[in-house]
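Computed over heavy atoms, backbone and side chain alike; hydrogens, waters and symmetry mates excluded. Values in this document were obtained by computation on a predicted structure and should not be read as measured data. Chain letters run A, B, ... following the sequence lines, proteins first and then strands; every chain starts at 1.
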Amino acid sequence: MNEFWEAKVTLQWAELGSSYDVVIIGGGGHGLATAYNLAVKHGITNVAVIEKDYIGGGNSGRNTTVIRSNYGKPEPVRFYQRSLDLYRQLEDETDRWIMHDERGLLWLAHTEAGRRQERSRSSMNLAFGAETHFVEPEEIAKLAPGINLDAGGEFPITGGSLHVGGATARHDRVNWAFAEGAMRAGVTIVQGVKVEGLILDGDRVVGVKTNTGDVAAGTVVSAVGGHATTIATMANVRLPIRTHPLQAFVTNHYEQTWDAIVASNDLGFYISQTARGEMLGGSHIDPQPSYSRRSDHHFINEISRRIVALFPFMGNLRVLRQWTGICDMSPDYTPIMGFTSAPGFLITTGWGTWGFKAIPAGGEAMAQLIASGETPELIAPFSIDRFANDRTLADRGSSGTH
Amino acid sequence: MALRIPCPHCGTRAIDEWVYGEIPIVPDAITDADARDVDRAYFHNNAEGVVREAWFHLYGCRRWVTVERDSRTDTFL
């Protein structure tokens, strides 16, 4: 599509009614994409999305916009690859420019063990449809100009993997594209309405209580980011989730174009350049479970030291702003989607630090599940039952930071 | 936010010295023994409000400390 001309995004707001087939709690990417798919792909338009703040104002507006599928287990690789493919066609599908930029993602190894791991991950990714190649340090120097290959002797680069499909997109535009498409198809989206409780009939969830009145619902979906446990508790559903803050920052403008997204697990950070030319950095979650979105100097201090060891040019940049989101961390670093022990109550959670890349496929799968009443094969491994059935998908190594 | 945790033995210290320890509370409503094990292993109360938790002062006095913290504001009580 033409990136220099674009019609204004028109969001048609409506009043919240008293009864819907589907009520989605949370107007972030996953909630909006689910509503969009329900209305546009399945013709289910009697749908309401209830957002307590403003759409895309939670983690959908606080993430670092990395899209990738180079995960460490077959099931997530398939799922995220589907999402990566959907992102590629999202601009044509919604007729909205989401600033999708496929630039490749470089994942660094600093030890012999890390080198072997990147080699095996590349083969595994290729086998399950994600394009990832092992790269030697010489090639890394070309892909990431300015990199200090021996990192001061402390963290020498021994190799890495190049995930060709790695991309970024503008998060607000993704949210607006899904919201606009859903609204056009007849979905009601409300902002500033807070869900204060669920209406139960025995175990079954039959509606939501909000600060503006009760709403009856055939199905209630929790697409909440951060406060997932609080909502699930209202349905008497236990979640294997702990909520941790995650911080990120951007610097002032860097004068050179910097294409690749670069991640290092051993050093615990990743960086990329935004469309404005700022260098963006992120790291691990904070150690304590918390709902606080306060940012701090400690994080900047810690991460700068590690980033500058690898990228000395970053030492000349200044931190322009930093922010914090609160992430729903699942024990195996893999999402939790689908039915729960409460009939009529569905969840899409456990999006931890990796939710943005999953928005199109997550919305598609949740809508299929609601429309058909059956769990699509793609997300069946992500069922909450996996913990009791000893089918966890431990994948911290490839989802720990972004 | 980077916590500063009050240690009754060493004074208030930065979070880098500490290891987090959740105090798991399995709800009484879960009665099956296997289900209680699963809950204890994987599930969390993850309360939004005052939480009681344990911290191990690894790079300090090497003792477990039990504290109460408001998980909405990260302030210790």
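- Of the listed residues (A:Thr392, A:Asp286, A:Thr243), the one with the most heavy-atom contacts under 4.5 Å to chain B is A:Thr243.
- In summary, B:Asp74 and A:Arg294 do not engage in a salt bridge, as defined by a charged side-chain N under 4.0 Å from a carboxylate O.
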side-chain hydrogen bond (donor to acceptor under 3.5 Å, both in side chains), that's the test. Do B:Asn46 and A:Tyr291 meet it? Break it down for me. CA-CA 10 Å; B:Asn46 197 27; A:Tyr291 291 87; 3.1 Å; yes

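- With respect to chain B, the highest number of heavy-atom pairs below 4.5 Å among A:Pro287, A:Pro245, A:Ser295 belongs to A:Pro287.
- Ionic pairing of A:Asp332 and A:Arg386 is present here: one or more N-O contacts between side-chain nitrogen and carboxylate oxygen are shorter than 4.0 angstrom.
- Ranking B:Glu22, B:His44, B:Arg72 against chain A, the residue ahead of the rest is B:His44, based on heavy-atom pairs under 4.5 Å.
- Contacts of B:Ala14 with chain A are absent, with no heavy-atom separation under 4.5 Å from either backbone or side chain.
- In terms of heavy-atom pairs under 4.5 angstrom with chain A, the leader among B:Ile30, B:Asp16, B:Val19 is B:Asp16.
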For residues 53-61 of chain B, which side-chain donor-acceptor pairs fall under 3.5 Å, sequence neighbours excluded?
from, atom 1, to, atom 2, distance (Å)
B:Glu53, OE1, B:Arg69, NH2, 2.9
B:Glu53, OE2, B:Trp55, NE1, 2.9
B:Glu53, OE2, B:Arg69, NE, 2.7
B:His57, NE2, B:Glu17, OE1, 2.7

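- Contact of A:Phe299 with chain B is not made at all, since no heavy-atom distance falls under 4.5 Å.
- Heavy-atom distances place the side chain of B:Tyr20, and not its backbone, under 4.5 Å from chain A.
- Taking both residues in full, the closest heavy atoms of A:Leu200 and A:Met234 are given as CD1-O, 3.9 Å, listed atom of the first, atom of the second, then distance.
- The six-membered or imidazole ring of A:Trp354 lies near that of A:Tyr333, with a centre-to-centre distance under 6.0 Å.
- Both the backbone and the side chain of A:Ile241 come within contact range of chain B, with heavy atoms under 4.5 Å apart.
- Minimum interatomic distance between A:Gly28 and A:Glu51 (heavy atoms only, all atoms of both residues): N-OE1, 4.1 Å.
- The parts of B:Asn45 that come within reach of chain A are both its backbone and its side chain, each placing non-hydrogen atoms under 4.5 angstrom from that chain.
- In terms of non-hydrogen atom pairs under 4.5 Å with chain B, the most contact-rich of A:Pro331, A:Ala388, A:Ser290 is A:Ser290.
- To the nearest 0.5 Å, atom OG1 of residue A:Thr334 and atom OH of residue A:Tyr71 are 9.0 Å apart.
- Counting heavy-atom pairs closer than 4.5 Å to chain B, the top residue among A:His298, A:Arg293, A:Gln288 is A:Gln288.
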